[in-house]
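First up is the structure itself, then whatever we jot down about it.
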Amino acid sequence: MELDYLKSKDLHCVPYGERYRNLSEIFDEDFDAIIAVLAQAPLCVEGQDHVNSRKAMALLIASRLKHVRNQIPAMIDMYCAKLDTPGTIDLMGHVINPLVHNFLDLIAGAALTLDQNSDISSVFSKTNGMRKRRKINEQIASLQDKLRASFPNQSDVDIQRKIVVGVLGNDALCGTLGATLYHIFENADRMPLSKLAYPNIPNYSGVKFVDRIAMQDTVVCKHALQAGQEFEVKFDELHKRTTESEKMALFGGGRHTCLGKGISMDLWDGLVLNLKQKHIMCTVRSYKERKDHVFRIPEEFIVEVSCV
Amino acid sequence: MRETRKAVIDALQSATGFMNDAKVAANVMTGGNISFDVLGLDSLVVMEVVMSLEDELDVELEIDVFNNVSSLAELVTVIDEYIDEVK
C-alpha cells in the first residue's frame, strides 16, 4: 500500500528547501547551507530539478560502486569483530554507527566525519525548533568547509552532493540496521547468531514515514486527498509485508526510490553473511529508541555476547 | 514553574499581543489561565513563541510542545516536564 502512495504522480515530495527559505526570510535566520544541500537532494525536489539531481547523485554513487563493494566485507569484518569477545557491547556505538559512517564515507568518497551526535539527517523533522535548525545549518556549513578544504578542485555543488549522501543515509541506515537487528536478537531465544533467521530485506525501517503533498484533488488507495493536503506515508508495518515488492517499500518507490538501494542491500547481505558465521549468542540487555519525529533509531542498544 | 510561566507569557505576548486586552491581562497577571482557542496560533506564531522560549529558558525545544495543549497552563506544564526530561 505504501508503494501506491509513493508512486502516485499526484503526490509530490514536500518542498523542504523552500520551507527553510521561507523560515529564513521570515525570521531573518541563516539557513543557506541547508537550502543549498537540499537543492541537490533528489528526495526534496520535483520536475526538472529532480531529474537533474537524481542523475547527478546516481552518477556519484555509480562512480563509487565498485570500490564500495570491494570494501564492504573487510569493513563489516572489522566492526563485527567486536562481537567476538564475550561481554557487554554497545551495538550502536561500536558496530552499527561506525559501520554506517564508514560506508557513507566510501559512497561519498569523502570523510563526512559523522558521529552519533550528527544532527544533519534531522533536517527533515517538522518539529524542530529554531535552535535545532541553527545547529543543523552550522553542522552542514562546517562539513561543507571541511570538504572544500579537502577537495579544492571540486565545485560547491559537488561538495553538496557528498553531504546529501550523509543527510539522506545516516539516520535512515543506522535506524534500519539497528531496529532490524534488535527485533532479530530480541527473538533469538538463546540461539547462536549462526542459526538465526535473517530477513532478506531489512524489515524495520529507520524512516518512520515520508511526507507527501497532494498537488491536486486526488484519490489514492481510496483515500481522498485535497490539493495542498499533506500526508505521511508510514513505514511501520514493513515486517508484516509478505511480497518482495512490498518489502522493498523500505527504499521508497516511484521516482523517489532510494538510489542507495542496491548498495545498501549489499551492506545488509554482507552483514548477514558475517553474523551467520558467528557461533555466539547476542542477548539484548537494553534497547531504547531516540525521541525522534522522523527516524526510528536506537540511541541505546546494549547486547550481552556469550558463548553457546 | 514561575520562571517558565513568565517566559511563556512574554513569548505569547511578543508573538500575539494577547495581553493588550486589559481583561485578559488582569486575568493572566493574577495567575489565571487562557485558552489558546482565542489566540489564533498558526505555525509561524508557534515557531516565534518557541524561538523566544528557547532564548529565554536556554533550552532546545521542539514545536511539538504545542501538540495536545490548549491553554497557557498546559503549555507551562509541558515545557517544565520537557526541561526536566532533557536536563
Side-chain angles (χ1 to χ4, degrees), chain A residues 14-31 34-35 116-140 142 171 207-209 211 213 228-232 234 288-297 299-300, chain B residues 1 3-20 36-37 39-87:
Chain A
V14 167
Y16 296 103
E18 194 58 36
R19 292 190 173 174
Y20 270 97
R21 190 173 291 114
N22 291 342
L23 275 180
S24 168
E25 283 169 9
I26 293 165
F27 294 107
D28 194 24
E29 294 281 339
D30 174 10
F31 293 133
I34 290 177
I35 293 165
Q116 270 173 293
N117 299 317
S118 295
D119 293 304
I120 61 172
S121 293
S122 297
V123 71
F124 299 111
S125 178
K126 286 180 282 194
T127 66
N128 289 334
M130 202 56 92
R131 279 196 176 191
K132 183 77 170 277
R133 291 171 197 267
R134 288 180 195 135
K135 196 159 72 175
I136 294 167
N137 193 69
E138 283 163 18
Q139 288 181 9
I140 290 177
S142 158
D171 287 7
V207 180
K208 291 179 181 170
F209 63 87
D211 291 305
I213 183 166
Q229 186 178 344
E230 289 189 31
F231 179 69
E232 293 178 353
K234 296 188 189 297
K288 188 178 158 197
E289 290 179 358
R290 186 173 81 194
K291 183 179 175 291
D292 196 301
H293 182 61
V294 179
F295 296 101
R296 175 184 296 109
I297 182 166
E299 65 177 1
E300 186 177 290
Chain B
M1 175 73 93
E3 183 198 0
T4 307
R5 182 179 160 90
K6 182 180 181 316
V8 172
I9 291 169
D10 289 348
L12 286 169
Q13 168 62 11
S14 170
T16 69
F18 80 115
M19 297 274 278
N20 297 346
F36 286 165
D37 290 345
L39 296 187
L41 301 179
D42 63 23
S43 60
L44 287 177
V45 172
V46 166
M47 181 58 89
E48 191 177 341
V49 172
V50 166
M51 267 174 81
S52 301
L53 290 171
E54 287 183 325
D55 289 342
E56 193 60 35
L57 301 172
D58 192 22
V59 66
E60 187 179 294
L61 289 173
E62 299 212 344
I63 59 174
D64 64 0
V65 292
F66 273 84
N67 288 359
N68 307 317
V69 299
S70 57
S71 70
L72 168 66
E74 285 177 18
L75 181 59
V76 170
T77 303
V78 165
I79 290 175
D80 272 331
E81 285 171 359
Y82 181 82
I83 291 172
D84 285 345
E85 195 183 308
V86 296
K87 281 195 170 170

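Computed from a prediction, not measured in an experiment: that's the story for all the values here. Each chain gets a letter, A, B and so on, in the order its sequence line appears, and its residues count up from 1.
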Please tabulate the donor-acceptor pairs under 3.5 angstrom that span chain B and chain A, backbone and side chains included.
residue, atom, partner, partner atom, Å
Glu54(B), O, Arg131(A), NH2, 3.1
Glu54(B), OE1, Met130(A), N, 3.2
Glu54(B), OE1, Arg131(A), N, 2.9
Glu54(B), OE2, Arg131(A), N, 3.4
Asp58(B), OD1, Arg131(A), NH1, 2.9
Asp58(B), OD1, Arg131(A), NH2, 3.2
Glu60(B), OE1, Lys135(A), NZ, 3.1
Leu61(B), O, Gly129(A), N, 3.2
Glu62(B), OE1, Thr127(A), OG1, 2.8
Ile63(B), N, Thr127(A), O, 2.7

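Looking at Val59(B), only its backbone comes within 4.5 Å of chain A, counting heavy atoms on both sides. Heavy atoms of Leu44(B) lying under 4.5 Å from chain A belong to its backbone as well as its side chain.
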